[in-house]
Amino acid sequence: DLAAPDLIPNMGAAIDRLFSARAHQEAVVVFGDYDVDGITSTTLLLDSLSTLGWRISGYLPDRVDEGYGLTPDGVANCLSQHKPKLMVAADCGTNSMEVIASLKEQGVDVIVLDHHQAYEPHPPAVALVNPWFAPETDEQFRELCTAGLAFKLLHAVVKHGRQLGLQEFEQYDIRQHLDLVGLGTVADLVPLTGENRILASKGLQQISRTHRLGLRALLEVASIEGPVGSFEAGFQLAPRLNAAGRLRSAMRGLDLLRSEIPAEAKDLAGLLDRNNRDRQRVE
C-alpha cells in the first residue's frame, strides 16, 4: 500500500546522481542530523548503499562545536575527513543556500534528503528530495520524517537497480530496514497517518525481532521485554539514542546501530544509557 517513491519531488535526479557515483566509484558521504531521525536515516543509507556497491561513509556533526545542520565548521570537518565528491544531507540542508553553493564551487555535489519546510532562495543542490517542493495540491508525503524519506529513496534505488539488471539488487529486501524507519518515525513525532502509520506499525514489529546487535543491546539496557510499541520506542529507546547527540558526539549512536560485534554493542548501549542519565540530571 506504499506509493511509488518516484512521486516524491526530485527523486529521479537523486537516483541518477547516486548511480553515476556508483559507476565511477566516487566517494559519497551522508551528512546526518544528530537526533534519532538523523541517526536512523544515516544508518539506513550507509548499511544499504554500502551493501549495494557504493563507496560511502557517514558524518554526524557535534552539537556544541559545530551546531545544527550544514554549518561551515561541520562541513569543513566532514570534507577533511572523508573527501567526498557527493554529499547526501539527511534531515538537514533544505535552506543551506550559502554552504551548498560553496560546496558546488569546491566540486562537491549535494543531494538534500529532508522534510523541513523550504524557503527561497533554494540552494543549488543536484536534487532537493523534499515533499515540500510538491505542489500545494499534493501533500501526500509531507508528513514523512527523514527516516521515511530515506526508506523511499532506498526503494527507488533498488527499483532502478533492478531495471538495470544489476544482480545485487534483485534479491535485496528493503524491509530489513523497517526497524530504523519505525524508530525514526515515532521519535520524530510526525503524525501517524497515511504512510507513516504503515511504516511505524511495521517498523515497531521489526524492532521486536531485529537482528541489529546495537538495537538488541539497547532493548536490553532499557529493560524492554516483549513487543515494542510506540511508548517503548518513543520514551525508552529514542531518549538513549538522542542523549549521545545532546551531551557528546552522536557518532556513538551511529556506531551502536551499525555495530556487528556483540561486546562493542553492549558497551555502546551502556554508554548511551549513562549519557541519558546525565542528560536527565542536567535537564
Side-chain angles (χ1 to χ4, degrees), residues 5 8-11 14 18 28-49 56-63 66-71 74-75 77-78 82 84 86-97 99-100 103 110-119 122-123 125-133 141-156 177 179-191 195-196 199-200 203 233-234 237-239 241-246 249-254 256-258:
I8 296 176
N10 305 314
M11 184 66 82
L18 279 170
V28 182
V29 67
V30 179
F31 189 108
D33 188 17
Y34 42 60
D35 68 0
V36 176
D37 190 24
I39 295 171
T40 52
S41 304
T42 302
T43 302
L44 188 158
L45 293 172
L46 292 178
D47 284 0
S48 59
L49 296 183
I56 193 164
S57 55
Y59 187 89
L60 302 178
D62 185 286
R63 178 189 292 266
E66 297 171 335
Y68 167 76
L70 292 178
T71 63
V75 167
N77 291 333
C78 177
H82 299 286
L86 174 62
M87 178 181 291
V88 180
D91 203 31
C92 58
T94 292
N95 299 300
S96 301
M97 176 68 189
V99 172
I100 292 178
L103 283 166
V110 179
I111 294 171
V112 172
L113 185 70
D114 193 17
H115 67 119
H116 295 102
Q117 195 160 356
Y119 302 99
H122 303 318
V126 295
L128 290 164
V129 184
N130 186 324
W132 286 97
F133 285 100
F141 302 106
R142 288 188 180 173
E143 304 294 4
L144 288 172
C145 66
T146 304
L149 285 173
F151 185 75
K152 303 293 282 191
L153 177 70
L154 176 57
H155 186 184
H177 300 292
D179 49 2
L180 298 172
V181 181
L183 182 55
T185 298
V186 171
D188 219 48
L189 302 175
V190 290
E195 295 212 349
N196 279 345
L199 296 173
L237 297 178
L241 271 181
N242 258 332
R246 293 191 187 282
S249 171
M251 288 299 293
R252 290 170 172 169
L254 182 66
L256 172 71
L257 292 182
R258 302 200 71 211

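Residues take their numbers from the sequence shown, with the count starting at 1.
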Under 3.5 Å, side chain of [X] to main-chain N/O of [Y], donor-acceptor pair present?
| X | Y | value |
| --- | --- | --- |
| N95 | Q117 | yes |
| T71 | G67 | no |
| D91 | D33 | no |

Contacts of A187 meeting side-chain contact (heavy atoms from CB on, under 4.5 Å) (sequence neighbours excluded), chain-then-number -> V36, A238

Please identify each residue that fulfils side-chain contact (heavy atoms from CB on, under 4.5 Å) with V190, with sequence neighbours left out. C145, T185, D188, N196

pair [X]-[Y]: side-chain heavy atoms closer than 4.5 Å:
| X | Y | result |
| --- | --- | --- |
| L237 | L183 | yes |
| H177 | T40 | no |
| L60 | T42 | yes |
| V30 | L113 | no |
| V29 | I56 | no |
| I111 | N10 | no |
| E195 | K152 | yes |
| P131 | L149 | yes |

So which heavy atom on [X] is nearest to which on [Y], and how close?
| X | Y | result |
| --- | --- | --- |
| M97 | P123 | SD-CA, 3.5 Å |
| C92 | L70 | SG-CG, 4.3 Å |
| V129 | A14 | CG2-CB, 3.6 Å |
| I39 | L254 | CG2-N, 3.9 Å |
| Y34 | P61 | CD2-O, 3.5 Å |
| A147 | G184 | CB-CA, 4.1 Å |

Go through the structure and list residues passing side-chain hydrogen bond (donor to acceptor under 3.5 Å, both in side chains) with [X], not counting sequence neighbours.
| X | answer |
| --- | --- |
| S57 | H82 |
| H122 | none |
| D179 | T210, R212 |
| E66 | Y59, N77 |

Rounded at 0.5 Å granularity, tell me how far [atom1] in [X] sits from [atom2] in [Y].
| X | Y | atom1 | atom2 | answer |
| --- | --- | --- | --- | --- |
| N130 | R142 | CG | CZ | 9.0 Å |
| L144 | L199 | CG | CG | 6.5 Å |
| L153 | T146 | CG | OG1 | 11.5 Å |
| W132 | T94 | CH2 | OG1 | 11.0 Å |

For D35, which residues count as a salt bridge (charged side-chain N to carboxylate O under 4.0 Å, His left out) partner, sequence neighbours excluded? none

